[in-house]
Amino acid sequence: MKLIIATIKPFKLEEVREALTSVGVRGMMVTEIKGFGLQSGHTEIYRGAEYAVNFVPKVKLEIVVPDALADEVVATIAKTAKTDKIGDGKIFVLDVESAVRVRTGETNEDAL
């Protein structure tokens, strides 16, 4: 199993969710986060005053999938979340040692 962690722009969340559902993803965890990467934040003007925004709003997706589905999920996120502008996000793939569904006690891929 693989844990896929993706950070994307918030307005892309629903489009990415629909695309992932269509390729077989049955669940995900979503967290609103703030962060910065190469863009290191930006400046904005509010009521005539300029101020620095050091952390940019993002959405973090955490998805656990069988190994066989991981590459397709990564490709789907990358294609769907892409805007060709700085700050589109990142995708990380990690190995998952085990998983347990709390309600039924099912383990590993059966728990997904």
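Given the structure is predicted, the values throughout are model-derived calculations rather than measurements.
We find the NZ-NZ distance between Lys58 and Lys90 to be 8.5 Å, quoted to the nearest 0.5 Å. Rounding to the nearest 0.5 Å gives a distance of 7.0 Å between CG of Asp67 and CG of Asp95. The line from CG of Leu61 to CE of Met29 is 10.0 Å long, rounded to the nearest 0.5 Å. In this structure, Glu18 CD and Thr76 OG1 are separated by 13.0 Å, a value rounded to the nearest 0.5 Å. Between Asp88 atom CG and Thr83 atom OG1 the span is 3.0 Å, to the nearest 0.5 Å.
Counting heavy atoms from C-beta outward, Val73 and Val25 have side chains that approach closer than 4.5 Å. With a 4.5 Å cut-off on side-chain heavy atoms, Ile91 and Ile5 do not count as touching. The shortest side-chain heavy-atom distance between Lys60 and Val30 does not fall under the 4.5 Å cut-off.
Side-chain heavy atoms closer than 4.5 Å link hydrophobic residues (I, L, V, M, F, W, Y) into clusters, and following such links, even through other members, never connects Leu112 to Val23. Connection of Val100 to Val96 is not established within any shared hydrophobic cluster, with ILVMFWY side chains joined at heavy-atom distances below 4.5 Å, either directly or through further cluster members. Using a 4.5 Å cut-off between side-chain heavy atoms of Ile, Leu, Val, Met, Phe, Trp and Tyr, with links allowed through other members, Phe92 and Met28 fall into different hydrophobic clusters. Met1 and Leu94 fall within the same hydrophobic cluster, where Ile, Leu, Val, Met, Phe, Trp and Tyr residues are linked whenever their side-chain heavy atoms come under 4.5 Å apart, directly or through other members. Cluster annotation: Val74 and Ile8 are assigned to the same hydrophobic cluster (Ile/Leu/Val/Met/Phe/Trp/Tyr, side-chain heavy-atom contacts under 4.5 Å, transitive).
Within 6.0 Å of CD on Glu14 lie more than 12 heavy atoms contributed by other residues, nucleotides or ligands.
The salt bridge (Lys or Arg N to Asp or Glu O under 4.0 Å) test applied to Lys34 returns no partner, not counting sequence neighbours. Residues forming a side chain to side chain contact (heavy atoms under 4.5 Å, CB included) with Lys79 (at least two apart in sequence, or on another chain): none.
Between Pro57 and Pro10 the shortest heavy-atom distance is O-CD, 3.6 Å.
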Tell me which donor-acceptor pairs under 3.5 Å the side chains of residues 103-110 have, and how far apart each pair is, sequence neighbours excluded?
{"unit_1": "Thr104", "atom_1": "OG1", "unit_2": "Glu106", "atom_2": "N", "d": "3.2"}
{"unit_1": "Thr104", "atom_1": "OG1", "unit_2": "Glu106", "atom_2": "OE1", "d": "2.8"}
{"unit_1": "Glu106", "atom_1": "OE1", "unit_2": "Arg101", "atom_2": "NE", "d": "2.8"}
{"unit_1": "Asn108", "atom_1": "OD1", "unit_2": "Ala99", "atom_2": "N", "d": "3.3"}

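Paired with Leu20 under the rule side chain to side chain contact (heavy atoms under 4.5 Å, CB included), one option of Thr80, Ile63, Val65 passes, and it is Ile63. Between Ile33 and the choices Thr7, Val59, Val56, the side chain to side chain contact (heavy atoms under 4.5 Å, CB included) rule is met once, by Thr7.
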Evaluate side chain to side chain contact (heavy atoms under 4.5 Å, CB included) for Lys82 paired with Lys12, printing each intermediate quantity in order. CA-CA 9 Å; Lys82 185 175 182 174; Lys12 285 293 203 170; over 6 Å; no
Please determine whether side chain to side chain contact (heavy atoms under 4.5 Å, CB included) holds for the pair Lys2 and Val64, giving the CA-CA distance in whole Å, both sets of side-chain angles, and the decisive distance to 0.1 Å. CA-CA 6 Å; Lys2 300 291 185 190; Val64 180; over 6 Å; no
